[in-house]
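Single-structure report; data block below.
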Amino acid sequence: MSKRNASMLGDAYKSTKQPRHWSLGLVGSMKDPELIVKQSDRVVAIRDKYPKAKVHYLVLPQDDINSIYGLNKNHISLLEEFGDFYEELKENHDGATLRAGFHAVPSLQRLHMHVISSDMVSPCLKTKVHWNSFTTKFFIPYQDVLSELKESGSIQKISTELHKSLMSTDLQCNQCSFKPKNMPQLKEHLFTHVK
DNA sequence: GTTCTAGAAC
DNA sequence: GTTCTAGAAC
């Protein structure tokens with residue numbers, strides 16, 4: 001990284017002794033020209049560094065909003081611009097079924113909306129937690145978040161009990177009735193039998 | 001979020 | 001013996 005860029009990114013990036021905490025990774029990624037696919041004054045779309053399907057983008061606000069739980073009614077038009085980005089990404093991938101949504105309990109800081117294809121074929125998809133975070137109610141569709149924000153002005157958190165139960169849901173193919181015994185069997189099934 | 005790896009599951 | 005999952009990371 002150049003000195004100029006380092007100074008623009010603030011103290012967190014200047015420190016070479018200790019890398020920034022892993023949970024701040026997206027704040028760096030959203031400034032990486034290699035990853036950016038579309039940008040406006042308020043919104044940026046990047047390719048996910050560890051895609052969990054053939055197509056996998058993240059849509060983030062330029063402003064420092066931590067998660068869906070930091071949203072209020074003033075953010076409705078921002079979220080509607082997320083929808084515009086989603087529509088354009090869909091146009092660019094005619095043929096693929098792209099879903100847009102948020103994780104109920106995100107691991108990384110900075111609000112981010114996943115835009116992901118339904119094939120779920122990717123070497124980065126490895127664990128049951130990966131699978132369940134995109135195929136259970138842990139994945140909250142974009143329209144649901146927008147509706148809840150319009151109706152109640154904020155997003156309700158899920159309970160730790162529901163979180164635990166969603167993450168431990170038995171494996172189930174997202175495209176047919178197949179119930180794989182383990183992750184390798186699921187990945188083989190997706191790769192071989194499912195279009 | 002990922003990586004690594006101990007030991008459970010097979 | 002090998003495959004697979006799940007918990008620690010100072």
Mind checking A:P106 for me? I need base, sugar-phosphate or nothing, with any heavy atom below 4.0 Å counting as a touch. nothing
By centroid distance (under 5.5 Å) and plane angle (under 30°), are A:Y50 and B:dG1 in a stacked arrangement? no
Does A:H103 make a side-chain N or O approach to OP1 or OP2 of B:dG1 shorter than 4.0 Å? yes
May I ask you to evaluate whether A:H130 reaches the phosphate of B:dT2, defined as a side-chain N or O under 4.0 Å from OP1 or OP2? yes
Counting heavy atoms not belonging to A:Y69, are there more than 12 under 6.0 Å from its OH? yes
In whole angstroms, the gap separating P of B:dA8 from CE of A:M183 amounts to 22 Å
C:dT5 pairs with which nucleotide, Watson-Crick or G-U wobble, both distances below 3.5 Å? B:dA6
In whole Å, I'd like the distance from the NZ atom of A:K181 to the P atom of B:dC10. 8 Å
If you draw the axis of the six-membered ring of A:Y86, does the NZ or CZ of A:K90 fall within 45° of it and under 6.0 Å from the ring centre? yes
When rounded to whole Å, the CG to P distance for the pair A:L125 and B:dG1 reads 12 Å
Rounded off to whole Å, could you give me the CG-to-P distance for the A:L24 and B:dT2 pair? 16 Å
Round to the nearest Å and state the distance from A:L186 atom CG to C:dT5 atom C1'. 14 Å
Give a yes/no on whether any side-chain N or O of A:K52 is located under 4.0 angstrom from OP1 or OP2 of B:dT2. yes
Could you tell me how far apart A:L26 (CG) and B:dT2 (P) are, to the nearest whole angstrom? 11 Å
Going by atom types only, do A:H130 and A:Y50 share a side-chain donor-acceptor pair under 3.5 Å? no
Once the angle between the rings of A:H103 and A:H112 is folded into 0 to 90°, is it parallel (under 30°), tilted (30 to 60°) or perpendicular (over 60°)? perpendicular
Which whole-number value in Å describes the distance from A:K128 NZ to B:dA8 P? 18 Å
Phosphate-side-chain proximity, A:K126 and B:dT3, N/O vs OP1/OP2 below 4.0 Å: yes
Starting from P on B:dC10, measure out to CG on A:N182 and report it in whole angstrom. 9 Å
For A:K49, look at atom NZ and say whether over 12 heavy atoms of other residues, nucleotides or ligands are found less than 6.0 Å away. no
